[in-house]
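Scope of the values below: all heavy atoms of this structure, side chains included, with no hydrogens, waters or symmetry mates. Note that ligands are numbered from 1 as they come in the structure, with each ligand's atoms numbered from 1 the same way.
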Amino acid sequence: MPVTALVSAKSCGVTTSALALTLSSNRPSLLAECDPAGGTVRAGIMQGQVTAGYGLYHLAAAERTGADALAGAFASHLWPLDAAGQRKLLPGLTDPAQAAALGRTWPALSEIMHVLSEEAGYDVFIDAGRVALESGRLHTTLTPAPLLYQADLVLMVVRGTEQSLTLARHLITPLRAELAEHGSGADALGLLLIEDGPSRAHQVAEALKAPVLAALPWDAGTAGYLSNGGRPPRGYGLRSPLLRHARTATENFEAAASRRHIQRQYPARPANPQLSGVLARLSQNHGGGKRG
Ligand SMILES: Nc1ncnc2c1ncn2[C@@H]1O[C@H](COP(=O)(O)OP(=O)(O)OP(=O)(O)O)[C@@H](O)[C@H]1O
Ligand SMILES: [Mg+2]
């Protein structure tokens with residue numbers, strides 16, 4: 001299953017879409033909140049249940065101890081998003097000042113996410129926040145660049161508004177160049193359209209010269225609940241417009257990632273027994289319920 005990173009130019013719906021995709025996938029799924037500007041799910045739909053003792057920041061210290069410590073810490077810092085424990089959250093940073101500590105952790109973290117996707121069949125969605133460039137390159141602190149380089153798909157989330165397209169347009173070429181030079185290829189880049197504004201998918205694809213891999217409807221009720229928590233809107237569930245389309249989107253991404261794999265004939269990743277231990281730990285933690 002693919003590791004899919006979501007980015008935007010500015011507050012287009014990365015976190016909400018990543019959450020909708022994680023909650024609606026047909027497969028076990030993980031939302032890794034890796035936005036260097038800080039996570040919002042903790043204070044949103046999780047309504048403060050996840051304490052600061054859990055999450056991404058703690059993985060930086062574990063990584064300094066070694067790969068095995070990181071794999072163990074990763075499994076124990078995931079939070080269940082459903083009762084069955086099939087959908088998990090790696091809660092994000094609680095303070096943007098923590099981002100600098102993660103710089104050297106991203107590559108090892110990316111390895112773990114790929115083990116989860118390839119060996120345990122997880123759909124992995126990474127909230128990678130806003131794209132920040134420095135001299136045309138991905139900023140090393142303000143973006144989790146290694147996660148983008150190694151992702152099977154990098155989705156630029158855009159709305160069909162003139163403002164959103166204008167902001168995204170400047171980022172597409174440098175992002176594509178970065179993925180070609182340091183990542184798995186420029187064709188990893190696709191668009192996820194939030195249907196807000198007048199532009200349709202074909203117009204967005206034409207304007208940004210990149211394929212629209214999926215579209216999500218404007219669904220203020222479901223999106224508001226996913227972003228802010230509180231009481232779910234009437235009729236909330238997998239049949240809500242946002243979650244229903246998100247499920248279709250996960251299938252589109254899976255198909256797009258498979259096509260890339262076949263075309264590129266990637267060599268199989270070497271087995272890493274230390275990392276594979278993370279899978280055993282995850283199945284031990286499979287039951288949902290509160291942790292603390
Ligand atoms: N499909 C949608 N329908 C309606 N509203 C949406 C949709 N997706 C996102 N929103 C709303 O747009 C706002 C921004 O969404 P979100 O926080 O997910 O964006 P973001 O890209 O993660 O922003 P940031 O870069 O600030 O982290 C939120 O109020 C959210 O509820
Ligand atoms: Mg966000």
Q.
More than 12 heavy atoms of other residues, nucleotides or ligands under 6.0 Å from CD of Q47: yes or no?
A. yes
Q | Exercise: do T22 and S29 side chains pair donor with acceptor under 3.5 Å | A | no
Q) What protein N/O/S atoms lie closer than 2.8 Å to the Mg ion (ligand 2)? A) T15 OG1
Q) Who are the side chain to side chain contact (heavy atoms under 4.5 Å, CB included) partners of D35, not counting sequence neighbours? A) A37, D127
Determine all donor-acceptor pairs shorter than 3.5 Å in which one atom belongs to a side chain in residues 173-182; sequence neighbours excluded.
{"from": "R176", "atom 1": "NH2", "to": "K209", "atom 2": "O", "distance (Å)": "2.6"}
{"from": "E178", "atom 1": "OE1", "to": "R137", "atom 2": "NE", "distance (Å)": "3.4"}
{"from": "E178", "atom 1": "OE2", "to": "L138", "atom 2": "N", "distance (Å)": "3.0"}
{"from": "E178", "atom 1": "OE2", "to": "Y149", "atom 2": "OH", "distance (Å)": "3.0"}
{"from": "E181", "atom 1": "OE1", "to": "R137", "atom 2": "NH2", "distance (Å)": "3.3"}

(Q) Can you confirm whether the side chains of S258 and E254 place a donor and an acceptor under 3.5 Å from each other? (A) yes
Q.
I'd like to know if the side chain of R159 reaches the main chain of I194, judged simply by a donor and an acceptor atom lying under 3.5 Å from each other, with no hydrogens or angles considered.
A. no
Pairs under 3.5 Å, N/O atoms on ligand 1 and on the protein: can you put them in a table with the distances?
{"from": "ligand 1", "atom 1": "1 (N)", "to": "P217", "atom 2": "O", "distance (Å)": "3.0"}
{"from": "ligand 1", "atom 1": "3 (N)", "to": "D219", "atom 2": "N", "distance (Å)": "2.9"}
{"from": "ligand 1", "atom 1": "12 (O)", "to": "R159", "atom 2": "NH2", "distance (Å)": "2.8"}
{"from": "ligand 1", "atom 1": "18 (O)", "to": "T15", "atom 2": "N", "distance (Å)": "3.4"}
{"from": "ligand 1", "atom 1": "18 (O)", "to": "T16", "atom 2": "N", "distance (Å)": "2.8"}
{"from": "ligand 1", "atom 1": "18 (O)", "to": "T16", "atom 2": "OG1", "distance (Å)": "2.5"}
{"from": "ligand 1", "atom 1": "19 (O)", "to": "G13", "atom 2": "N", "distance (Å)": "3.1"}
{"from": "ligand 1", "atom 1": "21 (O)", "to": "C12", "atom 2": "N", "distance (Å)": "3.2"}
{"from": "ligand 1", "atom 1": "21 (O)", "to": "G13", "atom 2": "N", "distance (Å)": "3.0"}
{"from": "ligand 1", "atom 1": "21 (O)", "to": "V14", "atom 2": "N", "distance (Å)": "2.8"}
{"from": "ligand 1", "atom 1": "22 (O)", "to": "T15", "atom 2": "N", "distance (Å)": "2.9"}
{"from": "ligand 1", "atom 1": "22 (O)", "to": "T15", "atom 2": "OG1", "distance (Å)": "2.8"}
{"from": "ligand 1", "atom 1": "23 (O)", "to": "S11", "atom 2": "OG", "distance (Å)": "3.4"}
{"from": "ligand 1", "atom 1": "25 (O)", "to": "R130", "atom 2": "NE", "distance (Å)": "2.9"}
{"from": "ligand 1", "atom 1": "26 (O)", "to": "S11", "atom 2": "OG", "distance (Å)": "2.8"}
{"from": "ligand 1", "atom 1": "26 (O)", "to": "R130", "atom 2": "NH2", "distance (Å)": "3.0"}
{"from": "ligand 1", "atom 1": "31 (O)", "to": "A223", "atom 2": "O", "distance (Å)": "3.4"}
{"from": "ligand 1", "atom 1": "31 (O)", "to": "S227", "atom 2": "OG", "distance (Å)": "2.6"}

**Q.** W218 reachable from L23 in the ILVMFWY side-chain graph, under 4.5 Å edges
**A.** yes
Q) Can you tell me how far OG of S24 sits from CG of L242, rounded to the nearest 0.5 angstrom? A) 8.0 Å
Q. So how far is it from D123 CG to Q86 CD, rounded to the nearest 0.5 Å?
A. 11.5 Å
